[in-house]
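Everything on this sheet refers to the single structure shown next.
Quick caveat: nothing in here was measured; it's all calculated off a predicted structure. Proteins get letters first, then strands, A, B, ... in listed order; numbering begins at 1 in each.
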Amino acid sequence: MVLLREVGYARPATIEDAVSLLATHDGARPLAGGQTLVNVMKARAAAPDVLVDLVDLDELRAIGFSSDGLLEIGAMVTYTQLMGSSEVDVARPILAEVASTIADVQVRNRGTVGGNVCVSDPTNHFPPLLVALGATFTIRAESGERTVSADEFFLGVYLTAVGEGELLTKVNVPPSSGAGDGFAGVTIGKHGTYIVDAAATVSGDDVRIALGCVAATPVRASAMEERLTGSDFSEDSVRSAAVGVGATLDPPADVHGSADYRRRLAEVSAARAVLQAARRRRAK
Amino acid sequence: MEAPARSRAISLEVNGEQIEMEVPARRLLVHFIRDDLGLTGTHVGCDTGNCGACTIDLDGQPVKSCMALAVQADGAKIRTVEGLAAESELTALQQAFNKHHALQCGYCTPGMLMSATALLERNPHPTEDEVRYALQGNICRCTGYVNIVEAVVAVGEEHA
């Protein structure tokens, strides 16, 4: 029987109380769905002194629109909730599509958007997707609220712009309008962990591409984006624009693939994601 | 605002019965169910959140009880495999598991039953693909998936 280290537990009723608990207790960590945190506590890879359970903070479970039209997703929104949300379906359906490929039913019922991004595991699905979509992140501290861009949010493996005593409250995603979105990659098993993945969004002549699993944080394929500016997004032009992306990367090597294999997969995944995004844009 | 504590008095409903108990904050929900409540039908397979043998129904959704703390279930409504059949009458799904030989060693069966029950409540006539998608979080190491999938599909077909 796995025995966790002794831990304190609090269940605040308001975001203010949650932030205050996080700020006043050393070693306090927010507990969302627990689909990563409980497991790393079992492995003693993390040993928080206090868990601040966000379960009662209904405000963090909301999906809605800001006054300027951004899709606002509360940090405690689960993957299952995203998959069933009419707001997501209208504004940015790629979020539900990608959520439906994460782990399995049980994990999707408890795992949250906030957890996915705050863990900042390089193989997680949402970091590259949210970079490609140009999302922003709202972070609450005792001193107030701030919003950071996706490019500034992911700082390293298990490290984000959310500092000690702070709480991610929501992720803000621009609606797709005329843009098409794509997500592609190669997994270990059908719906397993990604070996490499890529997210792309194509709007007008503009394209944003983010690669996952090739570095500690998502990598923008800027040179490929430039090569595709004004492109017709034909199969040939997209595939030739992807050539050279791999050479700019220094990906990890592990039992699932060498660094060279990941460089190759990065080009293939980026091309597939862009082609899917361009196809969807044309279909609009 | 309540201060953090290393234990908590929790109140929850398990298989229709109201339970009040003081539990350590570090106790996993699966251990609370098995060791504190004596409901050993919920199995611990891998203890790492991969195998799904510990799947229970928490507030209407299948979840893995080894990836939750007992204190997180304060105020929740839980159903375990023991809560599926009323008295001695097996559910249609349990009977289908029997009829289609959908178990060999039986270790994964409680989790399979909980995930498949949740699927059939949402979608009473699932296709084979839908069954496979819904059971992705449940691993059978006897590799009896064919008969398990057959059993779940058959329940939907028989009650069409």
Interatomic spacing from NE2 in A/H256 to OG1 in A/T123 - rounded to 0.5 Å: 9.5 Å

A/R262 vs A/D254, salt bridge (Lys or Arg N to Asp or Glu O under 4.0 Å): CA-CA, chis, key distance, verdict: CA-CA 10 Å; A/R262 281 196 167 80; A/D254 60 25; 3.0 Å; yes

B/R132 with B/E150: basic N within carboxylate O range, under 4.0 Å: no

Validation row: B/F97, B/I148 side chains within 4.5 angstrom (heavy atoms): yes

Salt-bridge contact A/D49-A/R29 (side-chain N to carboxylate O under 4.0 Å): no

Residues of residues 71-78 of chain A contacting chain B, heavy-atom criterion under 4.5 Å, by residue number: none

Heavy-atom proximity to chain B below 4.5 Å, by part of A/N109: both

Engaged part of A/N39 at the chain B interface, taking heavy atoms whose separation is under 4.5 Å: side chain

Polar side chain donor-acceptor pair, B/N138 to A/Q106, under 3.5 angstrom: yes

Intermediate values then yes/no, salt bridge (Lys or Arg N to Asp or Glu O under 4.0 Å), A/D56 and A/R11: CA-CA 7 Å; A/D56 288 338; A/R11 208 190 244 216; 3.7 Å; yes

From A/C118 atom SG to A/L168 atom CG, the distance as rounded to the nearest 0.5 Å: 4.5 Å

Distance in Å, B/I19 CD1 paired with B/D36 CG, rounded so as to fall on 0.5 Å steps: 10.0 Å

Spacing of CG belonging to B/L29 relative to OG1 belonging to B/T42, to within rounding of 0.5 Å: 8.5 Å

Ring centres under 6.0 angstrom apart (A/F126, A/F183): no

Pair B/T80-B/N15, side-chain donor/acceptor within less than 3.5 Å: yes

Toward chain A, the part of B/L135 with a non-hydrogen atom under 4.5 Å: neither

Positions in residues 84-104 of chain A that reach chain B, provided some heavy atom is under 4.5 Å away: A/S100, A/A103, A/D104

From CA spacing to verdict: salt bridge (Lys or Arg N to Asp or Glu O under 4.0 Å), B/E17, B/R79: CA-CA 10 Å; B/E17 194 188 329; B/R79 187 167 50 158; over 6 Å; no

Residue, of B/A25, B/G52, B/A5, that accumulates the most heavy atom pairs under 4.5 Å with chain A: B/A5

4.5 Å side-chain heavy-atom contact, A/V7 and A/V50: no

Which atoms of B/T55 approach chain A - backbone, side chain, both or neither, heavy atom under 4.5 Å: side chain

Donor + acceptor pair across side chains of B/T48, B/N50 (<3.5 Å): yes

Those residues that, when tested against B/E13, pass salt bridge (charged side-chain N to carboxylate O under 4.0 Å, His left out) (two or more places apart): none

Options A/V107, A/L4, A/T24, ranked by heavy-atom pairs under 4.5 Å with chain B, top entry: A/L4

Part of B/S115 lying under 4.5 Å from any heavy atom of chain A: side chain

Contact residues of residues 60-69 of chain B (partner chain A; heavy-atom separation under 4.5 angstrom): B/Q61, B/P62, B/V63, B/K64, B/C66, B/M67, B/A68, B/L69

Interface moiety of A/V55 toward chain B, non-hydrogen atoms closer than 4.5 Å: neither

Per-residue contact mode, B/R8 against chain A (heavy atom under 4.5 angstrom): side chain

A/T36, part contacting chain B, at a heavy-atom distance under 4.5 Å: neither

Atom CD of A/E59 with >12 non-hydrogen neighbours under 6.0 angstrom: no

Under 4.5 Å from a heavy atom of chain B, the part of A/L37 involved: neither

Side-chain ion pair, A/E166 and A/R146, N-O less than 4.0 Å: yes

